[in-house]
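Owing to the predicted nature of the structure, the values given are computational and were not obtained by experimental measurement. Convention: sequence-line order gives letters A, B, ...; per-chain numbering from 1.
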Amino acid sequence: MSKELAKTYDPKGIEERLYSKWLDKGYFHAKVNPDKKPFTIVMPPPNVTGQLHMGHALDETMQDILIRFKRMQGYETLWQPGTDHAAIATEVKVIEKLKSEGIDKDEIGREEFLKHAWAWKEEYGGRIINQLKKLGASADWDRERFTMDEGCSKAVQEVFIRLHSKGYIYKGSRIINWCPVCRTSISDAEVEHEDQDGFFWHINYPIVGEEGRFVEIATTRPETMLGDTAVAVNPEDDRYKDIVGKMLELPLTGRQIPVIADEYVDREFGTGCVKITPAHDPNDFEVGKRHNLEEINILNDDATINERGGKYAGMDRYEARKAVVEDLKELGLLVKVVPHNHSVGTHDRCGTTVEPMIKPQWFVRMKEMAEAAIDVLKTGELTFVPDRFDKIYLHWLENIRDWCISRQLWWGHRIPAYYCDDCGEIVVAAEMPEVCPKCGGKHFRQDEDTLDTWFSSALWPFSTLGWPEKTPELEYFYPTDVLVTGYDIIFFWVIRMVFSGLEQTGKSPFHHVLIHGLVRDSQGRKMSKSLGNGIDPLDVIDKYGADALRLTLTTGNAPGNDMRFYWEKVEASRNFANKIWNASRFIQMNLEGSTVTEPENLASLCPEDKWILSRLNTVVREVTENMEKYELGIAVSKIYDFLWDEFCDWYIEIAKVRLWNKEADPAAAGEALFTLRYTLTQALKLLHPFMPFITEEIYCTLLPEEESIMISDWPVYREDMCFPKEESIVAGFQDVIRGIRNTRTSMQVPPNRKTNIFIVAKDDETHAAYASASRSFTNLAYAKEIHVKTDKSGIGSDAVSVVVHDAVAYLPLEDLVDREKERERLTKEKERLTKEIARCTGMLNNPNFVNKAPEAKVNAEKDKLSKYKEMMDKVIAFLEQLG
RNA sequence: GGAAGGUUAGCUCAGCUGGGAGAGCGCUCGCUUGACGUGCGAAAGGUCGCAGGUUCGAUCCCUGUACCUUCCACCA
């Protein structure tokens, strides 16, 4: 199959065509295969409601790179995809949609609402998956799962029941974070603390029976005083020792509350007296428990004041705050108002200030499972890349509190708990019980609440493989190998997967966690909807192709670090794609009507060919090592440099001479073609995980008998492809060429003016090496011909000389020589050599260096010194000659 | 109040186990060289935040310090 390639690479059409091909061939599908080692990644399930953003693009690209790499290495690779029901996020969107249709959630009721939610899921659930496909993601779509599908739901139920029977899940009335807008409880992890400018209101609480004596408290939330049930002071605080035990009159309510002593109070802070509102502050709640205080809830679910708030009932919390302050002022009890910056908890979904409230909720007891999760990191069964995230993980787990898992939402897994209508007994079971085990009653109601969305995603690595059934997949693919995710999701998801995996399966759900940073805008800001600074990955793909986007996201980035998005970076990536496209086009054009000559063995090839193969060999080894260590950015930059600098800028140019002389020497041209094609296709394999589309297109064009690069073998280091001597010959030649180009530029010789070049090598061996490769370099040196000679005879004394370590090249430039410029150039060279010689000499004269440094280092310096000295002698001689 | 990361060329960032500072973009000069101007060639540009220490030798290790970013934390 011969194919005419376009002059510039256009990813449009190609990407779609190739993706369909891969899907049709079933390359993405993984099967249980005892003959192969498995390699598994579970995809962090994107929200069904979501749209692909740069964060996904980065995350999925990194996973796809690892998956494609391992697939080529011969592993049975499973990339397990799916979507998350995203409880709150989806519910909010469905409510909004219904609202726009004039439908009220509460009016239609739970069942009807869920119908709408599922319809939404059906409509939009596939959207993000299709977007992922545009990126080239080679996930096993046949195994796509959803956190609320039958299997995952069963896993959720099973885990709930198990944890409950073990006593790790319990129901209790405790203080939780309440979002008054979403009207649900949320977990600690979902509370975002932000500093806000507010006030410190200092208020006098009169002491009962002591006319004119007050206790001054300070608060940032004066309205909560309606629920105060004590004032606390530090037991060691001499200022207040005498009032402990006395009663205070709580202004505006007429209630009397005691002064209590508790260690919690910081004497230094505020007035040293703290109002205690057990129902609306987590610390006060604890204090209240210690002192047996009444808990007075003064808020409704929407954060308006309830009937316990007396005249303030019905007011919004902020309205009430104003009113309370106003009334206190009138009573003369407001001492002062001080501006105060303090941290306020907000709901990460909607930004609403959360209210701590006491509510009956379901919790997961964390102590034991957290310890297990800590152990598994300490023993090394689980590792973070980079490892600095260890501390973050450990710190969170060491300070973890019980996890509030119940949500007052409809979209989610309903809690499998049933209440007996007759006696109130709670039964946790898979099905609604027939008979109450306590009273024999027959009527039950299921708990109205659903579970935190992260409860189900915590099970993702094993629920997707069929757990709790003992499936062959679970046996084979679990535990997974690496989890790839952003650092922003460690608490929500990674930790919960680890302890859930350990608890349910006895194993860490993955061995490594590869952490990446955020993709920020060009100014370093987070991309966000509200700022409108987000870049749509699909836009990038549309304009430059998925390969360019993928390369952009992986180049020059280290694990765990944030990166900035620039369109210029994408352009650079696009340019690279075009570069290799054109290199391939060149090779393809030359393959037409030519015969590729497979060498008998690689050692019989010419030095230039051996050089590039040897370099390729090194790159293969290094890139593979980098990939194994998750150093994707380093790996890809090595491939980039090899392909552009060494292969395109040097090797292709070197090979041209033989291609042009195809008629005269077809065998030589054939070997050049062999090396060109081999080197390129091998390097493309290394590049394939990063740029899957263009590599596939080129690979199949150059090797029509191959089915696909993505199922080809990953290159391995070969002893028979290691040619250090040839590497050194070409390195010498490269120095000569660079020197010549440099000289020509400084002499302002026009590029079209070709000259003769004479090279005098320093010994016979070098001479032979230069002689054998000289012809290939003619073009690169802008030479008519390169004459490799054993001595200077016949070279005009006015020739410009270029000194390298093992040879001198002469350019007879005749009348073009500007002696002044030449002197300048040689003087500069002399200065450089002087510096180098001084450096080497300094090191070698230092007995400490010679005695203590490794021998190899010392010898290397000695070699360098002698080379520099030889070069120096020659440069000085040439300078003298110039007069 | 804890903790982590950053500080390297004009900009954005790499730099593996300490041994002569790199890339991309930008800038300057030259180029219709038979794959590519999304290109080729040549150059300019850095006290590797600051101060100490360890070492024969430090961008890299240690200590301190300044500034920036982020995370965690109940300071009413």
Side-chain angles (χ1 to χ4, degrees), chain A residues 5 7-9 193 200 217-221 224 232 264-266 268-277 281-286 340 342-343 345 356 386 388-389 391-392 395-396 399 487-488 490-491 517-518 522 524 544 555-558 560-566 568-569 571-590 622 625-626 629 631 633-634 637 640-641 648-649 652-653 656 659-660 738 741-746 748-752 754 779-780 782 835-836 839-840 843 846-854 856-858 860-861 864:
Chain A
L5 298 179
K7 201 167 176 179
T8 50
Y9 175 63
H193 290 93
F200 234 166
I217 58 95
T219 179
T220 56
R221 295 188 299 158
T224 61
Y264 154 67
V265 181
D266 177 356
E268 310 301 318
F269 193 82
T271 61
C273 304
V274 187
K275 61 191 271 310
I276 300 298
T277 324
D281 183 283
N283 294 306
D284 294 6
F285 179 79
E286 298 299 328
H340 180 63
H342 64 289
S343 146
R388 64 171 184 266
F389 290 98
K391 278 195 178 176
I392 294 175
H395 182 255
W396 170 270
N399 296 284
Y487 57 70
D488 51 333
I490 293 175
F491 306 133
L518 270 34
S522 60
Y544 295 96
T555 301
N557 188 235
N561 288 0
D562 288 354
M563 64 188 304
R564 297 190 189 195
F565 180 91
Y566 283 93
E568 288 83 351
K569 278 190 197 168
E571 279 177 24
S573 302
R574 184 268 321 260
N575 293 353
F576 177 65
N578 195 53
K579 184 71 185 174
I580 57 172
W581 179 257
N582 275 290
S584 315
R585 197 163 70 96
F586 171 76
I587 295 169
Q588 176 66 9
M589 282 161 52
N590 281 284
E622 291 182 1
E625 283 169 7
N626 291 135
K629 289 191 280 186
E631 295 165 346
I634 296 174
S637 72
Y640 180 105
D641 290 345
C648 290
D649 289 348
I652 288 183
E653 296 305 321
K656 277 178 179 173
L659 298 178
W660 291 338
R738 286 195 197 97
R741 287 171 177 169
N742 180 311
T743 305
R744 290 176 58 106
T745 299
S746 69
Q748 295 173 331
V749 181
N752 57 2
K754 311 281 189 207
N779 227 42
L780 289 96
Y782 303 93
K835 263 196 211 159
E836 296 295 354
R839 194 187 57 79
C840 288
M843 278 174 91
N846 180 347
N848 285 323
F849 173 71
V850 180
N851 296 332
K852 293 183 183 176
K857 293 281 175 201
V858 178
E861 287 305 318
K864 284 182 199 166

Undergrad: Considering residues at least two apart in sequence or located in another chain, which fulfil the salt bridge (charged side-chain N to carboxylate O under 4.0 Å, His left out) criterion with A:Arg839?
TA: A:Glu836, A:Glu861

Undergrad: Considering only heavy atoms from C-beta outward, does the side chain of A:Phe389 approach that of A:Ile490 to under 4.5 Å?
TA: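 Side chain of A:Phe389 against side chain of A:Ile490, heavy atoms only: contact under 4.5 Å found.
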
Undergrad: Taking the side chain of A:His193 as heavy atoms from C-beta outward, which of B:G19, B:A76, B:C74 is closest to it?
TA: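 Shortest atom-to-atom distance from the side chain points to B:C74.
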
Undergrad: With P as the reference atom in both, quote the distance from B:U69 to B:U54 in angstrom, rounded to an integer.
TA: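 Approximately 35 Å lies between the P atom of B:U69 and that of B:U54.
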
Undergrad: Quick one: do A:Tyr264 and A:Asn283 satisfy side-chain contact (heavy atoms from CB on, under 4.5 Å)? Show the steps, please.
TA: CA-CA 8 Å; A:Tyr264 154 67; A:Asn283 294 306; 3.5 Å; yes

Undergrad: Tell me, with the steps shown, if A:Glu571 and A:Arg574 meet side-chain contact (heavy atoms from CB on, under 4.5 Å).
TA: CA-CA 5 Å; A:Glu571 279 177 24; A:Arg574 184 268 321 260; 3.9 Å; yes

Undergrad: Would you measure the distance from the C1' atom in B:C13 across to the matching atom in B:G46 and give it in whole Å?
TA: 15 Å

Undergrad: Rounded to whole angstrom, note down the C1' distance from B:G41 over to B:G64.
TA: 49 Å

Undergrad: Base, sugar-phosphate, or nothing for A:Phe269, non-hydrogen atoms under 4.0 angstrom?
TA: base

Undergrad: Anything under 3.5 Å between a protein N or O and an N or O of nucleotides 2-4 of chain B, put it in a table, one pair a line.
TA:
from, atom 1, to, atom 2, distance (Å)
B:A4, OP1, A:Lys391, NZ, 2.8

Undergrad: Evaluate the side-chain contact (heavy atoms from CB on, under 4.5 Å) criterion for residues A:Thr220 and A:Phe200: first the C-alpha distance (whole Å), next the side-chain angles of each, then the deciding distance (0.1 Å), finally the verdict.
TA: CA-CA 5 Å; A:Thr220 56; A:Phe200 234 166; 3.9 Å; yes

Undergrad: Pairs counted only when both distances fall under 3.5 Å, Watson-Crick or G-U: show me the 5' to 3' dot-bracket for RNA chain B, [ ] for pseudoknotted crossings and | for other-strand partners.
TA: (((((((..((((.....[..))))..((((.......))))......(((((..]....))))))))))))....

Undergrad: For each nucleotide in nucleotides 32-45 of chain B, reading 5' to 3', give B when a protein heavy atom comes within less than 4.0 Å of its base, S when such contact involves only the sugar-phosphate, and - otherwise.
TA: --BBB-BSSSSS--

Undergrad: Between A:Gln748 (CD) and B:C31 (C1'), how many Å, whole number?
TA: 14 Å

Undergrad: Looking only at non-hydrogen atoms, find the nearest pair between A:Cys648 and A:Lys579 and report the distance.
TA: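 Closest pair (atom of A:Cys648, atom of A:Lys579, distance): CB-CE, 3.7 Å.
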
Undergrad: When rounded to the nearest Å, what value does the distance between P atoms of B:C27 and B:U38 take?
TA: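 Taking atom P in both B:C27 and B:U38, they lie 14 Å apart.
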
Undergrad: With a 6.0 Å cut-off (strictly less than), is the heavy-atom count around NZ of A:Lys754, excluding the residue itself, greater than 12?
TA: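 For A:Lys754, atom NZ is crowded (more than 12 foreign heavy atoms under 6.0 Å).
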
Undergrad: For every nucleotide of nucleotides 56-63 of chain B, 5' to 3': is a protein heavy atom under 4.0 Å from its base (B), only from its sugar-phosphate (S), or from neither (-)?
TA: B-------

Undergrad: For A:Lys656, give me all partners under salt bridge (charged side-chain N to carboxylate O under 4.0 Å, His left out), at least two apart in sequence or on another chain.
TA: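 For A:Lys656 the salt bridge (charged side-chain N to carboxylate O under 4.0 Å, His left out) partners, ignoring immediate neighbours, are A:Glu653.
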
Undergrad: The criterion is side chain to side chain contact (heavy atoms under 4.5 Å, CB included); which residues satisfy it with A:Pro751, sequence neighbours excluded?
TA: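 For A:Pro751, the residues satisfying side chain to side chain contact (heavy atoms under 4.5 Å, CB included) (neighbours in sequence not counted) are A:Tyr782.
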
Undergrad: Please identify each residue that fulfils side chain to side chain contact (heavy atoms under 4.5 Å, CB included) with A:Phe491, with sequence neighbours left out.
TA: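 Listed in chain order: A:Ile392, A:Trp396, A:Ile495.
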
Undergrad: Write down the distance between CG (A:Asp266) and C1' (B:G1), rounded to a whole number of angstrom.
TA: 11 Å

Undergrad: Report each atom pair, protein N/O against N/O of nucleotides 13-15 of chain B, whose distance is under 3.5 angstrom.
TA:
from, atom 1, to, atom 2, distance (Å)
B:C13, OP1, A:Arg564, NE, 3.0
B:C13, O2', A:Gly556, O, 2.7
B:A14, OP1, A:Asn561, ND2, 2.8

Undergrad: Mind checking the P distance from B:C31 to B:G49? Whole angstroms is fine.
TA: 40 Å

Undergrad: Any non-hydrogen side-chain atom of A:Trp581 less than 4.5 Å from a side-chain atom of A:Thr8?
TA: no

Undergrad: Just wondering, do A:Leu659 and A:Met589 contact through their side chains at under 4.5 Å, heavy atoms?
TA: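 The answer is no; the side chains never approach within 4.5 Å.
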
Undergrad: Write down the distance separating the C1' atoms in B:G19 and B:C60, rounded off to the nearest Å.
TA: 12 Å

Undergrad: Could you check A:Lys629 against A:Trp396 and say which one's nearest nucleotide on RNA chain B is further toward the 5' end?
TA: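 The residue closer to the strand's 5' end, by nearest nucleotide, is A:Lys629.
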
Undergrad: What residues, two or more places apart in sequence or in another chain, satisfy side chain to side chain contact (heavy atoms under 4.5 Å, CB included) together with A:Glu631?
TA: A:Asn626, A:Lys629, A:Ile634

Undergrad: Under the side chain to side chain contact (heavy atoms under 4.5 Å, CB included) rule, collect the residues that match up with A:Glu568, sequence neighbours excluded.
TA: A:Tyr566

Undergrad: Return the value, rounded to whole Å, for the distance between atom OH of A:Tyr566 and atom P of B:G26.
TA: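 To the nearest whole Å, that distance equals 13 Å.
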
Undergrad: Kindly indicate whether the side chain of A:Asp562, heavy atoms from C-beta on, has any atom under 4.5 Å from the side chain of A:Tyr487.
TA: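 Touching, per the 4.5 Å side-chain cut-off.
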
Undergrad: Can you check whether A:His340 has a side-chain N or O nearer than 4.0 Å to OP1 or OP2 of B:A76?
TA: yes

Undergrad: I'd like the C1' distance from B:G39 over to B:C25, given in whole Å.
TA: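 Going atom to atom, C1' in each nucleotide, I get 16 Å.
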
Undergrad: Please tell me which of A:Lys835 and A:Ser343 maps to the more 5' nucleotide of RNA chain B, matching each residue to the nucleotide holding its nearest heavy atom.
TA: A:Lys835

Undergrad: In whole Å, I'd like the distance from the CD atom of A:Glu622 to the C1' atom of B:U17.
TA: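 Value for this atom pair: 14 Å.
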
Undergrad: Taking only residues two or more places apart in sequence or in another chain, which ones pass salt bridge (charged side-chain N to carboxylate O under 4.0 Å, His left out) with A:Arg221?
TA: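 For A:Arg221 the salt bridge (charged side-chain N to carboxylate O under 4.0 Å, His left out) partners, ignoring immediate neighbours, are A:Asp281, A:Glu355.
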
Undergrad: Please report the distance separating the P of B:G2 from the corresponding atom of B:U65, rounded so that it comes out in whole Å.
TA: 12 Å

